[in-house]
There are 2 protein chains.
Amino acid sequence: MKSAALNYHHLRYFWVVAQEGSVTRAAKRLGVAVQTISVQIAQLEQSLGKALLAPQGRRLVPTEAGRLALTYADQIFQLGEHMGAALRETDSDRTLRLAVGISDALPKLIAFRLMEVVFHLPQQVRLVCREGEFDTLLAELALHRLDVVLTDRAAQPGGNLRVFSHPLGEFEITLFAAPALARRYRRDFPGNLSGAPMLLPTRGNALRGQIERWLESHGVAPLIVGEFEDSALLTTFGRAGLGLFPAPSVLSEDIAAQLGAEPVGVLADVREQYYAISNERRIRHPAVEAIRNAPVSWSRTEG
Amino acid sequence: MKSAALNYHHLRYFWVVAQEGSVTRAAKRLGVAVQTISVQIAQLEQSLGKALLAPQGRRLVPTEAGRLALTYADQIFQLGEHMGAALRETDSDRTLRLAVGISDALPKLIAFRLMEVVFHLPQQVRLVCREGEFDTLLAELALHRLDVVLTDRAAQPGGNLRVFSHPLGEFEITLFAAPALARRYRRDFPGNLSGAPMLLPTRGNALRGQIERWLESHGVAPLIVGEFEDSALLTTFGRAGLGLFPAPSVLSEDIAAQLGAEPVGVLADVREQYYAISNERRIRHPAVEAIRNAPVSWSRTEG
DNA sequence: TTCATTCTTCGTATTTTACGAAGAATTGAT
DNA sequence: ATCAATTCTTCGTAAAATACGAAGAATGAA
């Protein structure tokens with residue numbers, strides 16, 4: 001038997017009664033008759049299967065279950081109030097909001113560079129970013145909780161979700177490493193990579209397959225010491241000196257400055273493609289359009 | 001004009017429609033007619049003063065305001081579901097729960113020692129602790145959100161809240177300090193305290209007055225370099241070597257182990273009294289009673 | 001364009017919520 | 001112990017909300 005949905009009307013009465021310690025006073029505060037409240041609290045208790053209030057002296061005090069319920073009720077009604085306030089205050093039609101989902105696999109620095117353009121638009125834009133797995137973000141996009149998802153692979157056209165992928169250009173990939181490692185493997189690159197410790201994206205990432213093909217074609221077999229879903233985590237491990245790690249060549253300077261890691265060698269012909277995924281085939285949101293059309297400041301091969 | 005309270009019933013329909021992207025499908029899922037939903041969403045929009053959904057192609061997508069509302073709705077209905085689950089799963093009558101409020105001013109170690117006994121009761125007790133200011137905690141006690149408040153001062157009997165203070169015994173107070181400071185001021189204590197850096201509780205704390213009287217009676221005037229509402233903060237500053245600080249003598253060992261601070265000298269005749277404040281004159285909650293009657297393991301003068 | 005689908009509006013049925021009246025249970029005072 | 005006062009419940013009915021059938025309007029897709 002599936003229990004019916006919670007009746008928030010009943011819950012509110014219970015909540016007020018618990019605050020006032022009395023049905024009578026709650027009735028006064030709410031401007032309704034005592035019987036009304038009495039009945040509805042009884043209904044709430046029945047639907048939950050637990051007593052929520054018990055008389056003690058002249059007051060009504062919450063039972064153990066009632067107290068638990070109150071912790072939820074507190075939050076629920078606080079949220080309700082905040083929501084009203086937020087909607088009233090926000091001139092949500094004035095400021096343009098852009099909700100962006102950023103795939104784990106996308107290097108944060110790339111994400112930043114891609115989104116940079118929205119701050120140079122004529123109108124003020126409030127950027128709301130959410131990180132997560134590709135599939136999660138795609139679902140939120142479909143629900144219009146997000147305006148666009150930035151990621152490293154296109155959405156499957158055959159999927160049950162009606163979304164559209166817009167390529168943002170191809171980026172050349174370089175292997176980076178902490179200074180000591182970088183010095184060691186920079187010589188004779190790429191011939192000496194066999195046995196070199198390496199950090200790679202997990203299978204399923206588009207880049208992974210390309211890198212493996214590149215390694216094979218160069219006849220080298222490094223030791224894969226770690227696989228990462230999340231690009232930021234991958235570079236963190238790389239910075240710590242645990243292995244060579246791939247990243248877009250254009251980030252060379254940023255990686256040196258932020259992570260203290262140096263380039264080891266370019267993976268010729270390995271290219272990562274980034275995408276903006278949106279709901280419409282023809283992009284409407286001006287900020288998304290700006291991202292789509294941005295003349296990205298670093299070298300980039302048009303796809 | 002005060003806006004009417006949020007109608008959670010309407011909000012739920014809106015929430016489902018946003019998920020489904022269509023009134024029709026939402027109606028199917030909810031088992032009601034489309035008109036019903038249509039009307040109620042219109043009412044919700046009117047009461048909030050903003051459009052929440054806008055047609056786009058064949059779908060209904062949330063507006064900017066709608067999206068904001070959805071972030072709240074998500075939380076609200078998640079809480080509702082969790083509440084039902086929590087109430088169903090918890091055998092809230094089996095496990096005894098004890099909600100304790102701990103005054104900022106109370107040394108955490110004392111609080112721990114006072115509450116220790118509840119874990120040795122025959123029945124399993126789930127301890128729920130909340131920290132805060134004295135007045136805040138007292139209000140929560142009055143609402144029965146807490147079973148007992150542990151604090152360093154009794155509640156005013158003349159207050160508008162009907163609560164009762166149960167003394168838990170008196171504790172002798174010692175001045176402590178980081179090792180270097182302690183060595184310096186331990187000699188000739190208490191005669192050399194004039195000009196010594198000292199950290200004290202804020203005025204209003206019961207201990208503060210006693211310490212000042214003690215200092216005066218010994219004819220010394222230290223330099224008060226800090227006043228703290230929160231005892232944990234006070235000891236943290238003390239540990240950093242910023243000054244001498246008072247704490248119960250019985251915590252000497254704990255303070256040495258945890259904070260690396262050493263005793264400087266005992267404040268003879270200065271005694272801190274701790275209290276358990278509850279709702280009933282005669283305590284009913286077995287765990288509270290245990291705290292009240294615990295033969296505290298360390299030296300303690302019965303009041 | 002035409003057709004199909006979806007969302008609205010209107011009037012009425014149903015359900016939920018609210019209240020007056022009366023009864024039961026408890027407290028606090030006499 | 002008894003009484004008065006207060007509080008919470010239980011009825012039956014009134015008011016309000018929610019829900020639905022029917023019909024009209026708007027929009028996208030063929």
Side-chain angles (χ1 to χ4, degrees), chain A residues 3-48 50-63 66 80 144 162 164 279-282 284, chain B residues 3-48 50-63 66 80 144 162 164 279-282 284:
Chain A
S3 55
L6 178 63
N7 185 326
Y8 287 77
H9 200 200
H10 294 171
L11 186 66
R12 184 197 296 280
Y13 283 0
F14 160 65
W15 185 59
V16 174
V17 169
Q19 286 176 346
E20 298 290 339
S22 141
V23 172
T24 305
R25 269 191 296 175
K28 211 160 289 175
R29 174 169 145 195
L30 290 165
V32 298
V34 285
Q35 320 88 284
T36 302
I37 294 179
S38 179
V39 167
Q40 296 199 19
I41 287 183
Q43 289 176 354
L44 179 63
E45 287 179 327
Q46 177 148 21
S47 91
L48 293 173
K50 307 249 176 180
L52 298 174
L53 294 168
Q56 178 181 299
R58 181 153 290 195
R59 307 192 40 173
L60 280 179
V61 304
T63 63
H144 286 79
R162 268 245 313 283
F164 301 95
N279 278 299
E280 309 100 355
R281 185 180 301 282
R282 194 189 159 299
R284 279 199 188 86
Chain B
S3 55
L6 179 64
N7 185 327
Y8 287 77
H9 199 201
H10 294 171
L11 187 66
R12 184 197 296 280
Y13 283 0
F14 160 65
W15 184 60
V16 174
V17 169
Q19 286 176 346
E20 299 289 339
S22 139
V23 171
T24 305
R25 270 191 295 176
K28 212 161 287 175
R29 175 169 146 198
L30 290 165
V32 297
V34 285
Q35 320 87 286
T36 303
I37 294 179
S38 180
V39 168
Q40 296 199 19
I41 287 184
Q43 289 176 353
L44 178 63
E45 288 180 329
Q46 177 148 23
S47 91
L48 292 173
K50 307 248 177 182
L52 299 174
L53 294 168
Q56 178 180 302
R58 181 152 289 196
R59 306 190 42 170
L60 279 180
V61 304
T63 63
H144 286 78
R162 269 246 312 284
F164 301 95
N279 279 300
E280 311 99 354
R281 184 179 302 281
R282 193 190 158 298
R284 280 197 186 89

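Predicted model only: the values in this text are computed from it and were never measured. Residue numbering restarts at 1 for every chain, and letters A, B, ... go by the order of the sequence lines.
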| request: Figure out the CD/P separation between E20(A) and dC8(D), and round it to whole Å. | output: 11 Å
| request: Using the test salt bridge (Lys or Arg N to Asp or Glu O under 4.0 Å), find all partners of E45(B) that sit at least two apart in sequence or belong to another chain. | output: none
| Distance, rounded to the nearest Å, where E45(B) contributes CD and dT8(C) contributes C1' | 12 Å
| dC19(C) phosphate, OP1 or OP2: any side-chain N/O from T36(A) under 4.0 angstrom? | yes
| Just how far, in rounded Å, is P of dC19(C) from CD of Q40(A)? | 10 Å
| request: Write out all pairs satisfying salt bridge (Lys or Arg N to Asp or Glu O under 4.0 Å) with one or both partners inside residues 31-40 of chain A, taking only residues at least two apart or from two chains. | output: none
| query | Can a side chain N or O of Y13(A) be found less than 4.0 Å away from OP1 or OP2 on dT16(C)? | reply | no
| said: Output the rounded distance in Å from CD1 (I37(A)) to P (dA18(C)). | reply: 8 Å
| query | Quick one: H9(B) NE2 to dA16(D) P, roughly how many Å, whole number? | reply | 19 Å
| message | Expressed as a whole number of angstroms, how long is the span from I41(B):CD1 to dT8(C):P? | response | 8 Å
| query | Taking the side chain as C-beta and beyond, is there a heavy-atom pair between Y13(B) and L44(B) under 4.5 Å? | reply | no
| field | Close side-chain approach of V32(A) and I37(A), heavy atoms under 4.5 Å | value | yes
| request: Apply side chain to side chain donor-acceptor pair (under 3.5 Å) to Q43(B) and list each qualifying residue two or more places apart in sequence or on a separate chain. | output: H10(B)
| query | Rounded to the nearest Å, what distance is computed from the CD atom of residue Q43(A) to the P atom of nucleotide dA18(C)? | reply | 10 Å
| message | Can you confirm whether H9(A) sits close enough to Q40(A) that some side-chain heavy atom of one is under 4.5 Å from a side-chain heavy atom of the other? | response | yes
| request: Using the test side chain to side chain contact (heavy atoms under 4.5 Å, CB included), find all partners of A33(B) that sit at least two apart in sequence or belong to another chain. | output: Q35(B), T36(B)
| said: Of the listed nucleotides (dC8(D), dT18(D), dA18(C)), which one gets closest to any side-chain atom of L60(A)? | reply: dC8(D)
| field | Terminal axis angle for the helix from dT1(C)-dA30(D) to dT30(C)-dA1(D), five pairs an end, nearest 10 degrees | value | 40°
| message | Enumerate the salt bridge (Lys or Arg N to Asp or Glu O under 4.0 Å) contacts for residues 4-18 of chain A, please, sequence neighbours excluded, ordered by first and then second residue. | response | none
| query | For A42(A), which residues count as a side chain to side chain contact (heavy atoms under 4.5 Å, CB included) partner, sequence neighbours excluded? | reply | none
| message | How many whole angstroms separate atom CZ of R12(B) from atom P of dA19(D)? | response | 11 Å
| Pairs in or reaching into residues 14-48 of chain B: which pass ring-ring contact (aromatic ring centres under 6.0 Å, His included), with residues at least two apart or in two chains? | W15(B)-F77(B)
| task | Produce a footprint string for nucleotides 22-30 of chain D: one letter per nucleotide, 5' end first; B if the base is under 4.0 Å from any protein heavy atom, S if only the sugar-phosphate is, - if neither. | result | B-----B--
| request: Could you say whether S38(B) or N7(A) is positioned toward the 5' end of DNA chain C, judged by the nucleotide with the nearest heavy atom to each? | output: S38(B)
| request: Using a cut-off of strictly less than 4.0 Å between a heavy atom of the residue and any atom of DNA chain C, enumerate the qualifying residues of residues 22-34 of chain B by number. | output: S22(B), V23(B), T24(B)
Side-chain atoms of residues 18-26 of chain A: list all donor-acceptor pairs with protein atoms under 3.5 Å, sequence neighbours left out, distances to 0.1 Å.
| unit_1 | atom_1 | unit_2 | atom_2 | d |
| --- | --- | --- | --- | --- |
| Q19(A) | OE1 | R29(A) | NH1 | 2.9 |
| Q19(A) | OE1 | R29(A) | NH2 | 2.9 |
| E20(A) | OE2 | R29(A) | NH1 | 2.9 |
| S22(A) | OG | T24(A) | N | 3.1 |
| S22(A) | OG | R25(A) | N | 3.0 |
| R25(A) | NH2 | E20(A) | O | 2.7 |

| field | Pairing residues for H144(B) by the ring pair (Phe, Tyr, Trp, His ring centres under 6.0 Å) criterion, not counting sequence neighbours | value | none
| Between dT17(C) and H10(A), is there an OP1 or OP2 to side-chain N/O distance shorter than 4.0 Å? | yes
